[in-house]
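One structure is given below, encoded as structure tokens.
If you read the sequence from its start, that first residue is 1, and numbering goes on from there. Here the structure is a predicted model, which means the values were calculated and not measured.
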Amino acid sequence: MESVNRPNAPQTLGSIISEVIVDFPSKPYGQILAKPKLRQYLLNSVIFRLSWTYPWRDEVDAPTSKFSPEFRAQLFRIHLESAIYWGLEEIIQQNLDMPQTA
């Protein structure tokens with residue numbers, strides 16, 4: 001079966017995170033993604049944050065919603081990018097609070 005490149009194909013959360021932080025300074029953000037444990041922590045953090053910061057999604061995504069699909073997609077992307085940012089900040093803060101070893 002041939003792979004088809006579809007512009008609107010769903011992305012994985014990992015690829016979205018990589019896409020969002022490409023414009024961030026590589027230190028410390030790129031270093032977070034380079035460490036598998038921190039990357040997994042970020043993925044878990046984003047999933048958790050989305051579950052409680054976007055609870056009204058059922059109202060927005062309801063079939064009777066007055067919001068257009070484009071607006072709903074933009075709104076979700078904003079929430080997703082915010083969750084990524086705050087997950088990164090949490091990791092940085094935790095690492096700053098930890099003693100550095102040589």
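- For Phe24, the ring pair (Phe, Tyr, Trp, His ring centres under 6.0 Å) partners are Tyr29, not counting sequence neighbours.
- Here the CG-OG distance, from Leu88 to Ser45, works out to 8.5 Å after rounding to the nearest 0.5 Å.
- Once rounded to the nearest 0.5 Å, the distance linking CG of Leu42 with CG of Leu33 reads 6.5 Å.
- Taking Leu13 as the reference, Ile17, Leu43, Val46, Ile47, Leu80 meet the side-chain contact (heavy atoms from CB on, under 4.5 Å) condition, with sequence neighbours excluded.
- With sequence neighbours left out, the side-chain contact (heavy atoms from CB on, under 4.5 Å) criterion links Ser82 to Trp86.
- When side chains are defined from C-beta on, Arg39 counts as touching Ser18, because their heavy atoms get closer than 4.5 Å.
- Legend: residues meeting side-chain contact (heavy atoms from CB on, under 4.5 Å) with Ser15, ordered by chain and number and at least two apart, are Gln11, Thr12.
- The CG atom of Leu50 sits 8.0 Å away from the CD1 atom of Ile84 when rounded to the nearest 0.5 Å.
- Screening residues 78-94 for salt bridge (charged side-chain N to carboxylate O under 4.0 Å, His left out) gives Arg49-Glu90, Arg77-Glu81 as the qualifying pairs, with residues at least two apart or on separate chains.
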